[in-house]
Number of protein chains: 2
Amino acid sequence: MPAIVDPNDYTPKYYQLVTILRERISSGELLPHQPIPSERQLEDIYSVSRTTIRQAIDLLVRQGFLYREHGRGTFVSPQKLQKGISELTSFSEDMRARGIEPGQKILELKMAVPSEEVRQRLELPADQDEVLFIERLRLGDGVPMGLMTSYHVLPEGLTLDREGLEAVGSIYSLLQEKFHLIATEADETLEAVLATPREAGLLQIAAGSPLLLSVRVTYSQYRRAMEYVKILYRADRYQYFAKLTR
Amino acid sequence: MPAIVDPNDYTPKYYQLVTILRERISSGELLPHQPIPSERQLEDIYSVSRTTIRQAIDLLVRQGFLYREHGRGTFVSPQKLQKGISELTSFSEDMRARGIEPGQKILELKMAVPSEEVRQRLELPADQDEVLFIERLRLGDGVPMGLMTSYHVLPEGLTLDREGLEAVGSIYSLLQEKFHLIATEADETLEAVLATPREAGLLQIAAGSPLLLSVRVTYSQYRRAMEYVKILYRADRYQYFAKLTR
DNA sequence: GACATCATGTGGTTGTTACCAGTATTATCG
DNA sequence: CGATAATACTGGTAACAACCACATGATGTC
């Protein structure tokens, strides 16, 4: 594993280095709290400059794989159960990361005139008068996990019906491929609520059961709001994870 | 505001630049979605190298104040209500950030032998047989906000009684000043639960009311667990905020 | 032996230079 | 006029050099 430089590899050197180091960590070659080679040593080992070494280590530190101590060295972080789960994920990705097979049952899907609350959350321009509204029961391994209500801002002129959504797979991939719109950031609030009779019925629990309510506004790479999503999770089946840093 | 370089200022140049740019943003001089000067222009304006410029911009991008577009420029992010609240904060800091005056009523404080659950969460070594246990009612503007139960790993030989805690202010400042232990990271889970009669009484709500349960393990800069904290928040008075990124 | 000093190794900061990779405008050609 | 090509920006990657700040262990001194 000497010098990196795969001439056929178009990925940046620093990122090749990230991959190599992460592999050496997850393979168990580098153990928790043990130092990795110093930056000067890594220069020789992989024949890249310290600039590139530091760029790679910076990323791994931010991802929580390594930690630095000034004057002492760079060390391997102990592996936590949950990796970096303060990342923006879709319901499906979230479920798969937990080892659960996601599913859904669409209750309603239509273009609709947004309420004032939805307009404000999505910071809608005046000329946008319709958004895509979806209500669906979200399943994990076939059983109800949560009730999701979402409002999506679609590019001018585009609409979507149930068949269209099922044909394209996910709204995200449609927006990305056709319009280069990518979800890059989101603001989320979480609170505890009690299930109403309707919600309880759909989620197959008793009315008055606790639910975890997630309200999220997702922003594109241009920092424009692109969707407003509420999910009511069954408290007995769902916990929210967060990784906090100082 | 020409060159930076305050010779009396010990803070790094890139951080001085971060402060300057953040000020220019929050003052409204640089408006959302407007480009900031290019990296080459900033070199001339502040008489620092592009290395330093990029280091400052990197930090501001990670903090959510700016976003970059390859080939186009660097732009100001629209200001959200909640700044970067996926940061590790104490209850007191959290409350103050929300404009609420924090308070507490200590219900119990003692050295105790940890249960197996607590031992595992704190990854306690075999020779550590006692931890500091605290149960307290947390107040916001004088009214109950939540019920906090915490277990703290103290350095060998150190104990703490109620008077000692009140004298030193906070456990964090004590551990930092005496032992250079700093909380740098935490794993947190959130779920919805119902109030038991005891909890309801302490929090002055009806039994069966919804509560937001936060369970957190905090790690030091050496990635050793240093505390295990559960907080039961009144759902009608507390929402959890998170900022997610891709 | 206890303590201050120094040498050496670590990560942290900064400057300079060069070139690559996208984007947008302008000039040019058919 | 319309499509294409050149060009002049933007941020992204990379190398090399120098020095600072912190930690540690060896060394020397009292």
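Predicted model only: the values in this text are computed from it and were never measured. So you know, we letter chains A, B, ... as the sequences are listed, proteins then strands, and number each from 1.
Between the side chains of B:E43 and B:S49, no donor N or O sits under 3.5 Å from an acceptor N or O.
The distance from atom OH of B:Y67 to atom P of D:dG11 is 13 Å, rounded to the nearest whole Å. Distance CD (A:Q16) to P (D:dT13): 13 Å, rounded to an integer number of Å. Atoms OH (A:Y14) and C1' (D:dA14) sit 12 Å apart, rounded to a whole Å. A straight line from CZ of B:R50 to C1' of C:dT14 spans 15 Å, rounded to a whole angstrom. In this entry the distance linking CD of A:E69 with P of C:dG9 reads 20 Å, nearest Å. D:dC9 atom P lies 16 Å from atom NE2 of B:H70, rounded to whole Å. Counting to the nearest Å, the C1' atom of C:dC20 and the CZ atom of B:R40 are 11 Å from each other. One can place CD1 of A:I57 at 12 Å from C1' of C:dG12, the figure rounded to the nearest angstrom.
Across all their heavy atoms, A:P78 and A:P32 have their closest contact at CA-CB, 3.7 Å. Heavy-atom minimum distance, B:P114 versus B:L124: CG-CD1, 3.7 Å.
For a distance-only test at 3.5 Å, the side chain of A:T51 fails to qualify as a donor-acceptor partner of the base of D:dA14. No hydrogens or angles were tested; on distance alone, nothing pairs the side chain of A:S38 with the base of C:dG9 as donor and acceptor under 3.5 Å.
With D:dA18, D:dG11, C:dT14 as the choices, the nucleotide that has an atom nearest any side-chain atom of B:S49 turns out to be C:dT14. Closest to the side chain of A:T52, from the set D:dA15, D:dG12, C:dG11, is D:dA15.
Applying the 4.0 Å criterion to OP1 and OP2 of C:dG9, one finds that A:R72 has every side-chain N and O outside that range. For B:R54, a side-chain nitrogen or oxygen approaches OP1 or OP2 of D:dG12 to under 4.0 Å. One finds no side-chain N or O of B:Q55 lying less than 4.0 angstrom from the OP1 or OP2 phosphate oxygen of C:dG12. Note on A:Q41: every side-chain N or O is 4.0 Å or more away from OP1 and OP2 of C:dG9.
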Q.
Checking B:Y46 against B:Q16 for the side chain to side chain donor-acceptor pair (under 3.5 Å) test, could you report, in this order, the C-alpha distance in whole Å, the side-chain angles of both residues, the deciding distance, and whether it holds?
A. CA-CA 11 Å; B:Y46 294 110; B:Q16 296 183 35; over 6 Å; no

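Residue B:S150 forms a side-chain contact (heavy atoms from CB on, under 4.5 Å) with just one option from B:K230, B:R216, B:R136, and that option is B:R136.
Between A:E43 and A:G71, it is A:E43 whose nearest contact on DNA chain D lies nearer the 5' terminus.
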